[in-house]
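A short write-up of the structure that comes next.
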Amino acid sequence: LGAHRARFLADSLADLRASLRAVGADLVVRRGPPDRVLAALARETGAGLCTYHAECSPEETDDEAAVERALAPLEVACEGVWGHTLL
């Protein structure tokens with residue numbers, strides 16, 4: 001990730017966080033493999049549901065399956081929601 005792109009991403013996330021806080025929500029930013037990050041977050045928060053934007057490429061569906069496997073022992077339900085796709 002180049003310096004300019006990293007700065008743009010950081011600024012965008014800061015703006016999103018400010019917008020969410022203005023309506024009483026917040027933004028959690030974590031780095032790492034989705035299955036590990038979401039399992040850790042579920043343990044920390046006691047979450048019972050993980051809702052995500054369902055995808056169709058093999059790499060993304062592999063990530064979704066890994067997240068579901070990681071969350072199953074924690075009894076966290078997973079729900080993929082279709083949004084938009086070109087396919």
Side-chain angles (χ1 to χ4, degrees):
L1 192 63
H4 293 292
R5 186 167 173 85
R7 182 65 188 176
F8 174 78
L9 180 58
D11 289 345
S12 297
L13 291 173
D15 184 59
L16 177 58
R17 176 176 280 141
S19 296
L20 289 170
R21 287 180 173 171
V23 296
D26 205 349
L27 176 68
V28 175
V29 178
R30 304 280 174 99
R31 293 183 70 176
D35 55 329
R36 292 184 189 159
V37 170
L38 291 173
L41 187 60
R43 281 191 290 277
E44 291 171 25
T45 63
L49 175 65
C50 176
T51 303
Y52 57 88
H53 185 275
E55 298 292 343
C56 55
S57 76
E59 295 85 4
E60 293 161 329
T61 57
D62 288 349
D63 284 343
E64 292 169 3
V67 166
E68 290 185 17
R69 283 192 304 274
L71 294 180
L74 304 174
E75 297 182 358
V76 177
C78 294
E79 180 179 345
V81 178
W82 280 100
H84 52 78
T85 180
L86 294 176
L87 300 176

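Everything numeric here is computed off the predicted structure, so don't read it as measured data.
- Residue pairs meeting the side-chain hydrogen bond (donor to acceptor under 3.5 Å, both in side chains) criterion with at least one member in residues 32-45, sequence neighbours excluded, are Arg30-Glu44.
- What you find for Cys50 and Leu38 is that their closest heavy atoms are SG-CD1, 4.2 Å.
- Atom CG in Leu49 sits 3.5 Å away from atom OG1 in Thr51 (nearest 0.5 Å).
- Closest heavy-atom contact between Leu16 and Leu27: CD2-CD2, 4.1 Å.
- Looking only at side-chain heavy atoms (C-beta outward), Arg31 and Val37 stay at 4.5 Å or farther from each other.
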Could you go through residues 63-72 and list every donor-acceptor pair under 3.5 Å that involves a side-chain atom there, pairing it with any protein atom two or more places apart or in another chain?
unit_1 : atom_1 : unit_2 : atom_2 : d
Glu64  : OE2    : Glu55  : N      : 2.9
Glu68  : OE2    : Tyr52  : OH     : 2.7

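- If you chain together hydrophobic residues whose side chains sit under 4.5 Å apart, Leu9 and Val29 fall into the same group.
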